[in-house]
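Okay, structure first, notes after.
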Amino acid sequence: MLIRQVLLLLIAGVLLTCNPNPTAPEGMVYFAGGDITIGSEHGLTNEAPTFEAEIAPFFIDKHPVTVAQFRAFVQTTGYKTDAEKFGNSALFNYKKLIYELVDSVTWQQPLGPNGAPAKDNHPITHVSWNDAMAYASWAGKRLPHEYEWEFAARNGKNTNDKYSWGNSLTDNNGVFKANVWQGHFPDTNTVADDFAHTSPVGAFGITSCGMSDMGGNVWEWCSNIFELYPGNHYPYQKDPNVKVIRGGSFMCDSLVCHGYRVSARQFTSRETSNFHMGFRCAMDVDRRTSNPKHQTPNQNTTIKTTYKSYLSNDKRF
């Protein structure tokens with residue numbers, strides 16, 4: 001009897017966070033919202049101090065937007081990405097151990113013109129914040145605010161879990177729970193998780209709320225401008241062209257950025273694109289407006305600036 005009561009309480013807790021009602025649009029998960037602690041006192045400087053945030057109900061995609069989904073958008077609209085307009089995008093040069101802008105790199109040819117074409121079931125890459133916003137608008141959705149993203153990564157509840165799936169990068173059998181860097185970054189990747197670059201969405205399982213790739217695979221654009229949390233007085237000048245990214249990627253190592261933790265956050269300029277950055281979409285529950293709960297400036301003009309890499313040697317962020 002006691003076991004049954006405990007199970008009922010656990011089920012009730014899940015329903016209060018990632019509730020199946022109202023019915024979510026296809027490919028999305030519903031979160032009922034509520035109060036949650038954002039940030040960490042044990043991560044990088046930009047994750048502190050922790051604070052309470054009230055999140056409104058929202059829907060969010062189960063997985064990052066795939067190559068196939070983005071292709072449908074392009075075929076319908078004729079859209080050209082920033083990378084296609086600029087003629088280049090960023091790849092990591094494993095010999096020089098630096099990022100470089102490489103000509104003819106696009107979402108269709110993520111490793112360059114001589115590399116393998118993008119696979120339909122992999123997350124879209126080489127898309128800027130501008131591109132992600134354009135896709136989201138076409139799909140009748142929006143980008144998630146980073147607080148919503150963290151709410152979903154924490155499965156809609158306050159938890160001390162390091163990752164969206166728990167506290168260990170592998171299960172009891174040594175099987176990896178996310179597509180991240182293994183070995184010594186950046187010169188040696190053992191590829192113990194079987195993927196040197198992107199992996200099919202969902203390849204590493206789902207969270208208790210039915211979401212995948214909430215850590216590793218690709219960084220994900222969020223809607224909001226990067227700024228320090230309330231109470232963080234580290235010198236930083238907010239730039240409206242610099243946006244938040246969440247989730248980490250296959251390039252993340254636990255001894256460097258450890259970006260696949262639920263509280264980890266980084267930033268880059270909105271026109272930036274590279275081979276390990278994509279996005280997923282969100283949606284308001286009441287659907288009375290296509291704008292996110294946390295407004296961001298309307299910035300439709302593409303401006304090419306110096307490529308800003310969040311994988312710098314500056315450990316402040």
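None of the values given here were measured: they were computed from a predicted structure.
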### Query
Which of parallel (below 30°), tilted (30 to 60°) and perpendicular (above 60°) describes F250 and F275?
perpendicular

### Query
Side chains of N130 and E271: do they bring a donor and an acceptor to under 3.5 Å?
no

### Task
For the residue pair N158 and T37, confirm or rule out a side-chain donor-acceptor distance under 3.5 Å.
yes

### Query
Side chains of S212 and H63: is there a donor and an acceptor less than 3.5 Å apart?
no

### Task
Answer yes if the side chains of N46 and Y234 hold a donor-acceptor pair under 3.5 Å, and no otherwise.
no

### Query
Looking only at heavy atoms, what is the nearest atom pair of L169 and Y163, with distance?
N-CE1, 3.9 Å

### Message
Between K177 and D171, does any side-chain N to carboxylate O distance fall below 4.0 Å?
### Response
no

### Query
Crowded around N167 CG? As in, over 12 foreign heavy atoms under 6.0 Å?
yes

### Query
Does any donor atom in the side chain of Q266 or W219 lie under 3.5 Å from an acceptor atom in the other side chain?
no

#### Entry: Ring geometry between H258 and Y260 (parallel below 30°, tilted from 30 to 60°, perpendicular above 60°)
perpendicular

### Message
Check the orientation of Y79 and F73. Use parallel for under 30°, tilted for 30 to 60°, and perpendicular for over 60°.
### Response
tilted

### Message
Regarding D131 and T81, do their side chains bring together a donor and an acceptor under 3.5 Å, going by distance alone?
### Response
no

#### Entry: For F195, all residues meeting ring pair (Phe, Tyr, Trp, His ring centres under 6.0 Å), sequence neighbours excluded
F204

### Query
Is the distance between the ring centroids of F59 and F31 less than 6.0 Å?
no

Would you tabulate the side-chain donor-acceptor contacts of residues 107-118 under 3.5 Å, counting partners in other chains and residues two or more places apart, or write 'none'?
{"unit_1": "Q109", "atom_1": "NE2", "unit_2": "G112", "atom_2": "O", "d": "3.2"}
{"unit_1": "Q109", "atom_1": "NE2", "unit_2": "G115", "atom_2": "O", "d": "3.0"}

### Donor-acceptor pair between E41 and T50 side chains, under 3.5 angstrom
yes

### Query
Taking ILVMFWY side chains as joined if any heavy atoms are under 4.5 angstrom apart, and letting links pass through other members, which residues group with I206?
none

### Message
In this structure, would V201 and M214 fall into the same cluster of hydrophobic residues linked by side-chain contacts under 4.5 Å?
### Response
no

### Query
Are N241 and S269 close enough that a side-chain donor and a side-chain acceptor fall under 3.5 Å?
no

### Query
Just by distance, do the side chain of N189 and the backbone of V191 share a donor-acceptor pair under 3.5 Å?
yes

